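Remember, it's a predicted structure, so these values are computed and weren't measured experimentally.
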Amino acid sequence: MKLSTKQYAEILDKALAEAGSEHAGAVYKDFAKLLVREGKTSRLSDVIAFWKKLYNKRHGIIDVEINAADKEDAAFPHSFAGKRVALTVSEDKSLLGGSRIKIGDYIIDASIKSKINAIRI
């Protein structure tokens with residue numbers, strides 16, 4: 001039976017939830033063996049990314065990504081809309097100034113580059 005990336009992530013999520021944090025190491029080892037046995041190790045990063053979304057949803061954590069012209073200027077509160085925040089900050093000099101913030105599927109583009117492009121149109 002071929003399993004999708006989502007199905008592998010759900011298997012990992014269910015196994016971790018049932019095992020508890022004290023046995024997480026054993027679950028990770030068994031899951032890695034499963035992927036090796038089925039020849040699916042190349043999908044590990046995609047499985048982990050999808051599992052992270054499942055974990056965050058269950059624990060009330062929202063993903064926030066900030067692309068900023070200057071990484072040092074990027075800031076965001078530790079909670080947002082009643083949820084904890086998992087923050088990822090990256091630097092993108094092509095923005096010229098300001099930042100682009102992604103909250104879940106919503107994007108706020110407050111970069112100088114987007115404002116210049118808006119004026120050109």
Common cluster, [X]/[Y], ILVMFWY with side-chain heavy-atom separation under 4.5 Å:
X: Leu95; Y: Ile119; result: no
X: Leu44; Y: Leu3; result: yes
X: Val89; Y: Val85; result: yes
X: Val64; Y: Ile108; result: yes
X: Ile101; Y: Leu87; result: yes

Distance from [X] atom [atom1] to [Y] atom [atom2], nearest 0.5 Å?
X: Lys93; Y: Lys71; atom1: NZ; atom2: NZ; answer: 11.0 Å
X: Ile62; Y: Ile103; atom1: CD1; atom2: CD1; answer: 6.5 Å
X: Lys53; Y: Lys57; atom1: NZ; atom2: NZ; answer: 11.5 Å
X: Asp109; Y: Asn117; atom1: CG; atom2: CG; answer: 9.0 Å
X: Asp30; Y: Ile11; atom1: CG; atom2: CD1; answer: 12.5 Å
X: Ile112; Y: Ser99; atom1: CD1; atom2: OG; answer: 10.0 Å

Is the shortest side-chain heavy-atom distance between [X] and [Y] below 4.5 Å?
X: Lys83; Y: Phe80; answer: no
X: Arg84; Y: Ile61; answer: yes
X: Leu12; Y: Tyr28; answer: yes
X: Val47; Y: Phe31; answer: yes

Does [atom1] belonging to [X] count more than 12 external heavy atoms closer than 6.0 Å?
X: His59; atom1: NE2; result: yes
X: Glu72; atom1: CD; result: no
X: Tyr55; atom1: OH; result: no

Quick one: closest heavy-atom pair of Asn56 and Ala86, and the distance? ND2-CB, 4.4 Å
Pairwise side chain to side chain donor-acceptor pair (under 3.5 Å) hits with a residue in residues 40-52, at least two apart: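 For residues 40-52, and leaving out neighbouring residues, the side chain to side chain donor-acceptor pair (under 3.5 Å) pairs sorted by first residue read Thr5-Arg43, Asp13-Trp51.
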Determine yes or no for a side-chain-to-main-chain donor-acceptor pair under 3.5 angstrom, with Glu65 supplying the side chain and Lys102 the backbone.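 Checked: no pair found.
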With Glu91, the side-chain contact (heavy atoms from CB on, under 4.5 Å) member among Asp73, Ile66, Asp70: Asp70
